[in-house]
Amino acid sequence: GYLIAIIVCIFALVSAYKLSSVCIQKGYGVSVIAATILLNAIYEIYVFARLVLVLAPRKIINSIKLFTFGSKCNNNSQRFIYAACIIVLILALIMWVGSFAKKEEYKNIGVKAIKEGKTAALLLAGGMGTRLGSDDPKGMYNIGETKDVFIFQRIVENLLDVVRETDTWIRLFVMTSEKNHEATVRFFEEKNYFGYKKERVLFFKQSMAPACDREGKVYLEAKNRISTSPNGNAGWYSSMIRAGYDRVLRDEGIEWINVFAVDNVLQRICDSCFIGATIDAGVAVGAKVVKKAAPDEKVGVICLEDNRPSIVEYYEVSKEMMEEKDDNGDPAYYFGVILNYLFRVRDLDLVTDDKMPLHIVEKKIPYIDEDGNPVKPEAENGYKFEQLVLDMIHELSTCLPYEVEREKEFAPIKNRTGIDSVESARALLHKN
Ligand code: UTP
């Protein structure tokens with residue numbers, strides 16, 4: 001009897017521990033405690049009812065004590081089971097409290113790194129924003145309803161929250177391209193850097209690559225110039241070095257760079273908890289992820305490829321991958337990246353441009369026709385060649401996927417209307 005009770009208890013404890021850790025990981029800490037209390041109570045009621053029905057009044061008194069303190073279990077197996085229930089409850093409580101403590105610990109690590117100037121932010125603003133269809137840089141787009149609110153302004157305001165929290169002016173790099181550099185810098189100047197400290201902002205241009213039509217012939221954008229477009233957002237590190245800013249990294253002792261897209265107006269930038277968790281994990285890169293809203297949502301999915309972290313861009317996710325399920329019945333490729341990464345600077349030299357694949361992307365490419373007239377196509381008319389920041393993850397052997405609540409951190413603006421649009425981002429901004 002003793003032996004069986006001990007084995008049952010150990011088994012119960014181990015499975016309860018496993019269950020609680022899964023639940024805590026998924027953020028169900030409170031439910032675990034509630035469920036344990038409930039199970040415990042059901043068990044007590046069962047014992048109590050059995051005693052009421054079968055035994056004499058004296059036993060009922062004992063069972064009431066049992067219900068209250070568990071001190072009067074009438075045999076050893078009951079005592080063991082009772083003890084197991086209590087231990088599980090305590091374990092769940094400790095883990096629940098621990099999950100908050102862990103969050104605080106990460107935040108402290110992150111705040112310390114920011115205060116010591118070890119963290120910089122890098123805004124990827126070199127894209128053409130063809131889907132949005134504005135001639136200006138995407139960040140200049142006004143998403144306000146009753147007053148002006150520019151995308152760049154939202155981004156800077158989000159970063160200013162951290163400046164206030166840490167009392168530190170974080171170094172901000174802004175990557176532009178030949179096509180939008182002047183307009184971007186002028187806009188920041190005109191708007192007085194949206195309240196950011198001008199001396200803490202550095203701009204640099206990314207490289208360009210030729211664009212071609214569907215037959216592979218290059219387009220001309222002027223009589224003496226072939227049509228080019230920015231070479232993708234992976235070029236940020238080499239372009240930064242070309243601009244001479246590796247010296248800034250060294251001089252200022254920057255060890256981490258939070259690289260993020262211009263078009264997600266809700267994202268937290270240089271978020272101390274994310275920074276702390278990534279540093280604590282000892283990995284080369286942290287990637288913010290969200291659960292995908294639909295199997296065909298247009299976000300890159302994070303996964304393992306040959307045992308290395310990897311991200312598959314949305315237009316390269318096959319139908320089979322979209323439908324595949326894991327052992328729990330959840331989608332196998334469940335987590336999408338939101339283009340917000342924290343890179344450890346010392347690992348970046350491993351990621352040279354020649355190692356990165358070239359993606360062929362169908363886009364609308366403006367050109368001049370045979371008579372020299374400029375044409376702005378309404379639909380995709382050719383290909384651009386891009387290297388993507390998500391491929392950098394595969395070159396770095398360790399990555400921490402860091403899940404954030406999509407309603408609170410993911411409001412991308414790719415289109416004017418519909419999915420991932422100005423409209424959907426406004427709705428999410430209202431909610432927050
Ligand atoms: P997107 O993939 O949305 O591309 O960029 P895009 O060019 O801005 O927009 P579309 O596809 O033409 O409509 C995601 C992020 O990467 C940056 C963008 O500015 C945005 O922040 N990006 C993209 C660059 O900085 N350089 C590039 O060459 C491409």
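Numbers for residues simply follow the sequence, beginning at 1. Both ligands and their constituent atoms are indexed starting at 1 by order of listing.
- Closest protein heavy atom to atom 15 (C) of ligand 1: Leu339 CD1, 3.7 Å.
- A distance of 10.0 Å separates CG of Leu202 from CG of Leu122, quoted to the nearest 0.5 Å.
- Annotation: atom 26 (N) of ligand 1 to nearest protein heavy atom, Gln206 OE1, 2.6 Å.
- Protein heavy atom closest to atom 22 (N) of ligand 1, with residue, atom name and distance, is Gly127 N, 3.5 Å.
- For Arg214 (side chain) and Gly382 (main-chain N/O), no donor-acceptor pair under 3.5 Å exists by modelled atom type.
- In terms of protein heavy-atom proximity, atom 21 (O) of ligand 1 is closest to Leu124 O, 2.6 Å.
- Counting heavy atoms from C-beta outward, Pro331 and Glu323 have side chains that stay 4.5 Å or more apart.
- Residue Met175 approaches ligand 1 through these ligand atoms, each under 4.0 Å from one of its heavy atoms: 25 (O).
- Counting heavy atoms closer than 4.0 Å to ligand 1, residue Pro230 contributes atoms from both its backbone and its side chain.
- Each of the atoms 3 (O) of ligand 1 lies under 4.0 Å from some heavy atom of Asp263.
- Using a 4.5 Å heavy-atom cutoff, the side chains of Cys303 and Val312 are in contact.
- For the pairing with Phe150, the ring pair (Phe, Tyr, Trp, His ring centres under 6.0 Å) check across Tyr141, Phe187, Phe188 returns one residue only, Phe187.
- Between Trp256 and Thr278, the closest side-chain pair of non-hydrogen atoms falls below 4.5 Å.
- Relative to atom 28 (O) of ligand 1, the option among Gly139, Ala234, Gly232, Ser239 with the closest non-hydrogen atom is Gly232.
- For Asp327, the CG atom sits in a loose shell: 12 or fewer heavy atoms of surrounding residues, nucleotides or ligands are nearer than 6.0 Å.
- At distances below 3.5 Å, not a single donor-acceptor pair connects side-chain atoms of Arg171 with backbone N or O atoms of Thr119.
- The distance from ligand 1 to the heavy atoms of Lys414 drops below 4.0 Å at these ligand atoms: 1 (P), 3 (O), 14 (C).
- Shown in contact with Ala261 at under 4.0 Å from a heavy atom are these atoms of ligand 1, numbered in order with element: 15 (C), 21 (O).
- The protein heavy-atom contact nearest to atom 25 (O) of ligand 1 is Gly126 N, 2.9 Å.
- The nearest heavy-atom contact from the protein to atom 12 (O) of ligand 1 is Thr130 OG1, 2.5 Å.
- Met208 contributes atom CE, which lies 5.0 Å from atom OG of Ser177 (distance to the nearest 0.5 angstrom).
- Compare Lys138, Glu386, Lys363, Met128 by their heavy atoms: the one nearest to atom 4 (O) of ligand 1 is in Lys363.
- Of the options Asn264, Asn233, Asp420, the smallest heavy-atom separation from atom 16 (O) of ligand 1 is shown by Asn233.
- In this structure, atom 2 (O) of ligand 1 lies nearest to the protein heavy atom Arg131 NH2, 4.0 Å.
- Within a 6.0 Å sphere centred on NZ of Lys325, other residues, nucleotides and ligands contribute more than 12 heavy atoms.
- Protein heavy atom at the shortest distance from atom 6 (P) of ligand 1 is Gly129 N, 3.6 Å.
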